[in-house]
Every structure is written in structure tokens, then in C-alpha cells.
Amino acid sequence: MFFSQLYKNYWPELRTKLYARFGSGPPDPEDIAQQAFIKYSECVTDSPIKNPKAFIYTIARNLFIDAYRQQNKQQQIIDGIFDDVGIAPLVEISPEQCALDKEQNHLIQKAISRLSEKQKKLILASSVDGKSYRHIAAEMGYSLSDVSRSIALAHQFIQSEIQKVDTEAEKTFDTSVQLNYRDSL
Amino acid sequence: MMGVFSSSPDDTVTQQAREWMQRMHSDEVGDTVVYAFKQWLLASAAHREAYRQAELIFRQIRYTDQAEAYVADTIKAQSLPTLAQRSAKPWYLALAACAALLMVVMFKPWQYASQAIYYQSVKGEIKTVKLTDGSEVTLGAGSQISVVMKKHIRSVTQINGEALYHVSHDENRPFVVNIADKKIVVLGTVFDIQQTGEQVKLTVAEGIVRIEQENEHRRLTQNQTITASETLSEIKDILPSQFANWQQKRFSFNHNRLSDVVKTLNRYLDKPIRFNHPALEERRITASFRLEQLDQMLDAVGESYNIHWHKDEQGVIWLSS
């Protein structure tokens, strides 16, 4: 679908959807919808996108999440350290990149959905809000060590779920390489 | 549910990386922790890779359906009660709408060869865009340019903010940047333009750049800078390390109106700076600092210019006299 046509067709729908989901703001759903379209138009030049509507919606909701997020000092410190020790910056993290990486996104969502309600709440307060464990503990009435342990287990679980899939993918790859090797003998 | 890890690989390095990740996100950490963390990272490439992976997942958790539900519920609870209360759209959003529509142009270049294309970055974002002639422009936070490519000229209008240009060489098509009543002409070179209120600062890293304003003009070469407001300033030399410092969120202001300084900083800050007393907006200040050191800068500026500041519960900084 051409961009202008998509814009014309999807704009009212997206706007209504965002109002329904996030209310009237702030941030203003119309501003977010505009930004989402711009980001979409930038992404679409790099690679074709199968389901533009779903993709634009995902960008929009990621922009909402960004707008909501508190200024996160720890994250800035970590970015600075990455720079200092020569780790590549986390370019994978932006509303549009995360919308593009559907597979990884799906894995993480599936893993989170299998956590307990308590762990879910804790991990979102930490990751989305950027709240300190102390803050979370005080707010939700848990002990600091309880918060720390629960979040640790949740992260371990999510990462192990992702790695499981990665390892399986590697195994498949190894086998196919071996088969090819045999064929060539 | 939990507790079924037996089949999943979780070696020591992965676990250590995750422990560091948690430590770094659990609370603000002191210098000793940061030092120890850096030592651990520097110890091996495997450590760095494992940490990057853990940090990546931590941040990806934010862009999930569960995070969406969490944010939607919270925002809705804080939402304004009626649509009627929403304020009028600022002009740049209209511009953003145009940008969205004009992006279409890029798919049919043969048809609209001389149409303007808008590029913009949002608040807090620094990004690089590639123009159709191969030139690259890095936009500072909340900055906008429009570009028109014609057969004999490449014309850019810098609408707002900072932009660093890497211009690809093309003798037959000069590259011109227009800002208000100023014109900057180049062939192939690297230069930076910062716009702060009525003041435009041009700095050159490579090649030759000509700046014109009314009847005046100057030529700048490598490591030179000039400031243009009502008239053109003297050309000054700079160190290469001072070039396009805004990329590292380092700013220097020279006799700028405080309202212009605040406008620039607010494009980079999550939480804005606001004025309690409008009279302060006209004050002119000179200061040089990193954005991370904003608090110290405010202390210093406060002292020399007799300005008070405080941060409210939402993190908004208020200036008063």
C-alpha cells in the first residue's frame, strides 16, 4: 500500500485506537500517532513491512511507553560505561527497532506471561518505571531482599527462555552444516 | 512456571552478567561499584558480550504487550478529563504532518525531483539521515531541516536546532544551507550549525564554507567558528575536540538570552526547565557545560546572575529571580 493511502486510511483508526487505549494524555495521542507515521515512513525505506497497520500501532504504543518513562539515571550511567569500555551502544533499543524485531519481542512477551503476577508487577516497575528496588519495596510493601530475589528469578527465567530458542536454532544450523559437509564428501 | 531451568544453559558468565545488570538497575550506584563493574567488563570480551545481552533484554521488556497494559492503565488514570481541555497544536506538529506526507516523495524521485523533503528528530533524540545526493546530516534533539534537490543546486533550510553536515562533493551542484536571513554555501565539506534563538553558530571541521548575510560575507576553513546574529562576528579558531560538541551533550552559550538557552536544553532534557518569572527570559548568560552537570551549571549561573532554581516532585526545574 502506498504511504499516502495508508496514512489516509489508517490515521483515523489509529487515533481512535490510541484514545481508547491511553486516554487523552498527556502525551497527546495525536502527537504520538504523527510520530509513529514518520517513524514508519523512515523504516519502510530500509525493508518492506508485511503488516503496516500493526507495525505502526506497535511503534505508537512504544512511543507512549517512552513518553511515560521516568528519566532514568542508572540507564544513563550504564550507557556511559558502555562508551568507556567500548561496548557497542544498544541501537536495538528504540520504538521502531523493537517493533521490527518481532521474534525477540514475542519470546520476551511469552516468557513474561509465564511469570507470577507479583514478578510481573515487580519487573515492569523496575524495567519500565526505572524505579529503584528500595522504592518498589516501599511502594508495594515487600522486603528489599524479596524484591531483589523475585526480580532475579524473573530475569533468569526470561533469559533462559530466550537462550533455549537460540540454542535450538544453533543445533539445527549445526546439523544442516554437517549434512552439507557429508554431501560434499 | 518458575523453577524449570534444568535444560537451559546458564553458565557462570551469563549469571554474573545478570547479577551486574541487576546491581546497576537496583538503585543509584556509587563510584566504587562503577569501578568494579568496569573492571569486570574489561576483564574479557565474553563478559562484555554477556552484559550487553542482559542489558538488551532488560530494556526490551519495556516494549512488550505487558508494558503497554501497565503504561496504559497508569496514563489513563492520570489523563485529563475532557478532550476540550487539550491545548492547541504547536506549529511544528503541523510540520511533522507535512513530513509524514512528504516522505512519499522518496519513493517516486523521478516524478517529484525538486520537492522538499522534511527530516526531523524528536525530543532527546540525536539521529543521522542520508540525503539523496549521498550527504549525511546528523540532527540534534528536536531539530528539523527541509531539503530540496535540484539539477544545479542542493538547498537545505535549517528550521530549528543543531545539524552537523557531511556534504558529498559535487562541483556542479553547490550545497546551500539557509537559516533565516543567512546563507551558508559549501562544495564538499564537514561543518556544524547551531541555532540558538536569533543567533547562528557555524563551525567548520573540513573544507571551505562561505557564510553570507545581507552585504557581509566570510570564508571559513578547518577548525574555525563564527557567530551570526544581527551582524557577523570575528572568525575564531577552535580545537578539533570542540567541534559539534552537542553530540556529546556539551553546550556552550555566549551572551544568549536565557529563554533561548532553556529552549535548546529542553530539546535534550526528559524533564523541562521552566520560568517562574518571565522577566528572567530576557537575561543574557554565558556558560559552558555538559548536560550531566546541569545542576552544577544552574548553581554557578544562579550565583553569577542571581537566579534561583529548584526541582519539583515531577523533576521539572523552575527558575526564579
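To find a chain, count down the sequence lines: A is the first, B the second, and so on, and within it residues start at 1. All heavy atoms count here, side chains included; hydrogens, waters and symmetry mates do not.
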Q | Atom NE2 of A/H106: over 12 foreign heavy atoms under 6.0 Å | A | no
Q) Between OG1 of B/T64 and CG of A/L107, what distance do you get to the nearest 0.5 Å? A) 12.5 Å
Q. So which part of B/E125 gets closer than 4.5 Å to some heavy atom of chain A, the side chain, the backbone, both or neither?
A. side chain
**Q.** Top contributor to chain B interface from A/A33, A/S148, A/G86 [non-hydrogen pairs under 4.5 Å]
**A.** A/S148
Q.
side-chain contact (heavy atoms from CB on, under 4.5 Å), that's the test. Do B/V29 and A/Q74 meet it? Break it down for me.
A. CA-CA 8 Å; B/V29 292; A/Q74 289 101 291; over 6 Å; no
**Q.** Side chain, backbone, both or neither of A/A137 within contact of chain B (heavy atoms, under 4.5 Å)
**A.** neither
Q | Test side chain to side chain contact (heavy atoms under 4.5 Å, CB included) applied to B/Y63 and A/I108, A/D101, A/I93, A/T58, the passing residue | A | A/I93
Q: State, to 0.1 Å, how close B/A72 and A/R21 come at their nearest heavy-atom pair, and which atoms those are.
A: CB-O, 3.5 Å
Q) Atom OH of A/Y133 and atom NE2 of B/H25: how far apart are they, to the nearest 0.5 Å? A) 8.5 Å
Q.
Rounded at 0.5 Å granularity, tell me how far CD in A/Q109 sits from CD1 in B/I61.
A. 11.0 Å
Q | Side chains of A/Q104 and B/Q60, donor plus acceptor under 3.5 Å | A | yes
Q) So A/Y68 and B/Y70, would you call those rings parallel, tilted or perpendicular, with 30° and 60° as cut-offs? A) perpendicular
Q) Just wondering, more than 12 heavy atoms not from A/K110 lying within 6.0 Å of its NZ? A) no
Q. Should B/E28 and A/R134 count as an ion pair when the cut-off is N to O under 4.0 Å?
A. no
Q | Heavy-atom contact with chain A under 4.5 Å, split by part of B/A69 | A | both
Q. Sequence neighbours excluded, which residues qualify as side-chain contact (heavy atoms from CB on, under 4.5 Å) partners of B/D312?
A. B/Q314, B/V316, B/W318
Q. From A/D66 CG over to B/K123 NZ, what is the distance, rounded to the nearest 0.5 angstrom?
A. 12.5 Å
(Q) To check you understand the geometry: which heavy-atom pair defines the closest contact between A/F22 and B/V71, and what is its length? (A) CE2-CG1, 4.3 Å
Q.
For a salt bridge (charged side-chain N to carboxylate O under 4.0 Å, His left out) check, start with the C-alpha distance between A/K131 and B/D27, then their side-chain angles and the critical distance, and finish with the verdict.
A. CA-CA 8 Å; A/K131 283 177 184 161; B/D27 211 335; over 6 Å; no
Q. So do the side chains of A/H155 and B/R18 get within less than 4.5 Å of each other, counting heavy atoms only?
A. yes
Q. Should the heavy atoms of other residues, nucleotides or ligands under 6.0 Å from CZ of B/R59 be counted, would the total exceed 12?
A. yes
Q) A/Q159 and B/T14: which non-hydrogen atoms are nearest, and at how many Å? A) NE2-CG2, 3.6 Å
Q) If you tally heavy-atom pairs under 4.5 Å against chain B, which of A/I151, A/I81, A/I78, A/I158 wins? A) A/I78
Q: Among B/R52, B/M24, B/E292, single out the residue with the greatest number of heavy-atom pairs under 4.5 Å to chain A.
A: B/R52
Q.
Looking at A/I65, is its backbone amide N or carbonyl O close enough to the side chain of B/R62 to form a donor-acceptor pair, meaning the two atoms are under 3.5 Å apart?
A. no
Q | Winner by heavy-atom pair count (cut-off under 4.5 Å) against chain A, out of B/E68, B/R48, B/Q53 | A | B/E68
Q: Check the surroundings of atom NZ in A/K118: do more than 12 heavy atoms from other residues, nucleotides or ligands lie under 6.0 Å from it?
A: yes
Q.
Report which part of B/K127 has an atom under 4.5 Å of a heavy atom belonging to chain A: side chain, backbone, both, or neither.
A. side chain
(Q) To the nearest 0.5 Å, what is the distance between CD1 on A/I87 and CG on B/L41? (A) 4.5 Å
Q.
At a 4.5 Å cut-off on heavy atoms, which part of B/L42 comes close to chain A: side chain, backbone, both, or neither?
A. side chain
